[in-house]
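Below you'll find the structure, written out as structure tokens, and then a few comments.
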Amino acid sequence: METLLSSGYNNGNRAFLQAIMARGALTFDEACPIIEAIWEAEGREGRHEVTEADFGHYLSRASEAASIYDYEIRTTIHQVTKERIYAFVNTRSDPQTQLATTFAPDELSFIKRLFDAIFETYNSPRMEIMAITQMQAMKVARPPNRNQISDDALEATQSSVDKGLKHSEVEATLSNLVLGGWLERSKDGFYSLSPRGLLELRPWLIETYNDDGGDWQRIKFCEACKELLTVGLRCNEPSCLLRLHEHCGDNFWRIHGGQTCPKCSTPFDGTRYVAYARGRRRPAKSSQGRRSSAMNHADEEEEDE
Amino acid sequence: MSSTQRRRRTRDHRDDPEEQERPRQRMNRNDPGSDSDASSQDDMDMDAPSATQDAEEQLVKKLVRYALSCEYSRTPIKRDGIKERVLGNEGRSFRRIYALAQKQLQEVWGMELRELPLREKLSLHEKRKAMSSASQAKAGSGTYVLSSILPSEFRSASILPPSKSPSSDDEATFIAFSTLVVSCIWLSGGELSDQKLNRYLTRLNADQNVSTEKTEAVLKRMEKQNYVVKRVDRPPVGQDGEHSITWHIGPRAKDEIGLDGVMGMTREVYGDTEPELEKKLRASLGIKQSGADAVAEEEAGEPSTSRRESGAVMN
Ligand SMILES: [Zn+2]
Ligand SMILES: [Zn+2]
């Protein structure tokens, strides 16, 4: 901390740290007005347009400060908007402890049921949605049959019987999860993990939902960038685990020279999706997955509104 | 110690007291990781000479993290919560750890913990009773909020959003609505009957729903987060009569919204500032002259400066 404070760490850096923490995540475009406002507050003379390098400077100071407290700023590409995101991440990656600060035990066990629904119920080999609507979330408002509960998942609540949540409490918990930066809500009402949520929960999700050595794995990764994938393309062979972000595809196929799945050799035509939004339906494109680039996709999202 | 060394050290000591003392509220079924920390227990003991200092540093860090994560989710930061979740067996060192954490919050984060004032004595009866037992007059509420201490230029909306989240529509609605309700109460002299509040809300078409949420739920949230205080008066035992419900300004509203927030809101609603409106506004708020926050403060019996106005300059 002394090093930080003795090296010109100033109110502008503090303001930026507050800004990124309050937002949970930032893109460059979102950061520009923040940095401009900071410069204005500092009364800086001869200001120029904010550059990536300026952004990088503020990020690295914030990151330095945050790391003292086991937070980190990590970067990833948003799977839907394709924008680069800088997320304020808690690296003491025990989501239970984090969530336990802000959620009551019966809410915590609801959240576990909610994650189970997202990553088990709505994430089958046939239908990889990995998202949930509010209506579907209501179905897990209460624990299943009490007799079936042998999980230590619910130990937290064993002192008092877990009666589950009322519908209004489900609504409130969902919106608190969005507020807390864990979930995102899509335009058409699907809740899915936010980029920041994915970054923070990655180890926990793998540990919880992937069986060791099983043929099928619920949590899958992009073959190109190795990041966790919840929106993107899948192999044409339903039992194959190959997944690829749309924005990672171009490079990937260029390197592999030809669109055959490197895992199972099935021809890959880029028409099968891992996705949640109904809006992702699209006119079948020719066999060129690479055509469905970020730009086209963004347009389509607009049209779907 | 360089910051890299420090970082490495803290990583190794992840098995902090929090993990050991509290039953883990793990959500996963099979928990292969839970015992893996046990081995790092040994090297902690080898640190003997600086062990106390190190332990203290860990507690300070933990308190900072706790304060940040509570604030992030608008969970009230309570003294009891700090003792239970942060200090554990070290409850006695509250003052020392608190002071150290406060310093770090100020220097690194540009924020500080502020203890909210005790709820005002609401009724005449309560006020009298409080006067006769002057003993607890000075006690704090034991509830804290984390406020920015940066100069106000660094707290503009473009730097600090009204929200804690990327999708901030709901949050903006909540802030607008709670400012509105608080303003109504403030403009009514700090106390508003339930019927009157409902009448106002009906006029604004907000008596049933606020955006997509039930009005009742939003009010409850405001109450829980200390923006408003709902007071239910029951008729004395043995007498008939209805419960009467009144709404009062909560301590958090004073800190976050403040008098200038209320005035801002009212000007916003009535359009451009007109001398006549200013006069009425000041009259309703009990302000006698311009710039009279101090007067109002005296009358309210506690600071009414808002968070936006009260930045202490650092460095
Ligand atoms: Zn990828
Ligand atoms: Zn394949």
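Quick caveat, the model's predicted, so the values are computed rather than measured. Here is how names work: the chains are called A, B, and so on, in the same order as the sequence lines, proteins then strands, and each is numbered from 1.
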Study note, to complete from the structure: In this structure, CG of N10(A) is separated from OG of S7(A) (nearest 0.5 Å) by 10.0 Å

**Study point:** Interface moiety of S158(B) toward chain A, non-hydrogen atoms closer than 4.5 Å
**Key:** both

Revision key, fill the gap. Cut-off 4.5 Å, heavy atoms of chain B, and the answer for I38(A) is both

Check your understanding: Near K220(B) NZ, under 6.0 Å, is it more than 12 heavy atoms from other residues, nucleotides or ligands?
Key -> no

Practice item. Output the option from I34(A), L5(A), L17(A) having the highest count of non-hydrogen pairs under 4.5 Å with chain B. Key: L17(A)

Would you tabulate the side-chain donor-acceptor contacts of residues 24-33 of chain A under 3.5 Å, counting partners in other chains and residues two or more places apart, or write 'none'?
| unit_1 | atom_1 | unit_2 | atom_2 | d |
| --- | --- | --- | --- | --- |
| T27(A) | OG1 | E30(A) | N | 3.1 |
| T27(A) | OG1 | E30(A) | OE1 | 3.4 |
| E30(A) | OE1 | T27(A) | N | 2.9 |

Study note, to complete from the structure: Bottom line for E42(A): the part with an atom under 4.5 Å from chain B's heavy atoms is both

Point to revise | Y9(A) six-ring centre to R61(A) NZ/CZ under 6.0 Å and within 45° of normal | key: no

